Amino acid sequence: ILIGAGLLMPPIASKGAPAAPLDALFTATSANCVTGLVVLNTMESWTVFGKIVILILIQFGGLGYMTVITVGMLALHRRITLKDRLVIQASFNQEGPGGMVRLVRRVLLITFVAEFAGMILLTAAFLVSTDMRLWEALWQGFFHSVSAFCNAGFDNIGRESLTPFVGNP
């Protein structure tokens, strides 16, 4: 959260004046804790860089600390010890330490497949229902799919949010 807040404070992250430290900290905390509360309008206040930082915080918060740490350990080819497996077991509320790495891989696979499917469906909806160009619709589809899957509640469309889509299947 502190790293995210630090990345949201420089001018590269915000449109107009740099974000105040408390606003950046609140946004980073809300994104990582997937609460969806904002003090600054996401679309109007943050640059693409700032929105990417917010998305990463949302994804980390949605996956959970132990999943992210386990992925990092696997990426660094670090051995997952019994102690590590017991911590993963506790964080996933599993009965035994066996198969914890396999469980983390399944969690990642299901997450990314669901987010990709959501991105495709939302991109199609944005293309059909708005005047967005393909790249903008893809970005909005990606942003909202991650936000929705992680239950973060952040939106990147504007003041009306997704209200214009209320009747869109």
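Along the sequence shown, residues carry numbers from 1. Here the structure is a predicted model, which means the values were calculated and not measured.
Environment of CG in Leu162: crowded, with over 12 heavy atoms of neighbouring residues, nucleotides or ligands closer than 6.0 Å. Within 6.0 Å of the CZ atom in Phe116, the count of heavy atoms belonging to other residues, nucleotides or ligands does not exceed 12. The environment of CG in Leu134 is crowded: more than 12 heavy-atom neighbours from other residues, nucleotides or ligands sit within 6.0 Å.
Scanning both residues, Ala19 and Ala24, for their nearest heavy atoms gives CB-CB, 4.4 Å. In terms of heavy-atom proximity, Ser30 sits nearest to Gly36 at OG-N, 3.3 Å. Nearest heavy-atom pair across Ser14 and Ala17 is OG-O, 3.2 Å. Taking both residues in full, the closest heavy atoms of Ala13 and Leu7 are given as CB-O, 3.3 Å, listed atom of the first, atom of the second, then distance. Annotation for Gly153 and Ser147: closest pair N-OG, 3.4 Å, computed over non-hydrogen atoms.
Using a distance-only test at 3.5 Å, with no hydrogens or angles considered, a donor-acceptor pair links the side chain of His144 to the main chain of Asn156. No donor-acceptor pair under 3.5 Å is formed between the side chain of Ser161 and the backbone N or O of Thr163.
Linking ILVMFWY residues whenever their side-chain heavy atoms come closer than 4.5 Å, directly or via other members, places Val34 and Leu63 in the same cluster. Leu127 and Leu121 are members of different hydrophobic clusters when ILVMFWY side chains are connected at heavy-atom separations under 4.5 Å. Cluster annotation: Trp135 is connected to Trp139 through the hydrophobic network of ILVMFWY side chains, with a link wherever side-chain heavy atoms come within less than 4.5 Å. When hydrophobic clusters are built by joining Ile, Leu, Val, Met, Phe, Trp and Tyr residues whose side-chain heavy atoms come closer than 4.5 Å, directly or via intermediates, Ile54 is grouped together with Ile52. Follow the hydrophobic side-chain contacts under 4.5 Å out from Leu55 and you reach Leu40 in the same cluster.
Residue Phe26 forms a side-chain contact (heavy atoms from CB on, under 4.5 Å) with just one option from Leu37, Thr35, Leu8, and that option is Leu37.
Sorted pairs that involve residues 5-15 and meet salt bridge (charged side-chain N to carboxylate O under 4.0 Å, His left out), not counting sequence neighbours, are lacking altogether. Screening residues 35-63 for ring-ring contact (aromatic ring centres under 6.0 Å, His included), with sequence neighbours left out, gives no hits.
At least one side-chain heavy atom of Gln59 sits under 4.5 Å from a side-chain heavy atom of Glu115. Side-chain contact check for Leu122 versus Phe165: every heavy-atom pair is 4.5 Å or farther apart.
Atoms OG1 and CD, from Thr130 and Glu136 in turn, are 7.0 Å apart once rounded to the nearest 0.5 Å. Taking CD1 of Ile58 as the reference point, atom NZ of Lys51 lies at 12.0 Å (rounded to 0.5 Å). To the nearest 0.5 angstrom, Leu57 atom CG is 9.5 Å from Cys33 atom SG. Atom CG of Leu82 sits about 4.5 Å away from atom CG of Leu86, to the nearest 0.5 Å. To the nearest 0.5 angstrom, Leu138 atom CG is 11.5 Å from Ser145 atom OG. In this structure, CD on Gln140 lies 13.0 Å from CE on Met119, to the nearest 0.5 angstrom.
Between Phe154 and Phe143, the gap from one ring centroid to the other reaches at least 6.0 Å.
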Please determine whether side chain to side chain contact (heavy atoms under 4.5 Å, CB included) holds for the pair Asp155 and Thr42, giving the CA-CA distance in whole Å, both sets of side-chain angles, and the decisive distance to 0.1 Å. CA-CA 7 Å; Asp155 104 81; Thr42 305; over 6 Å; no
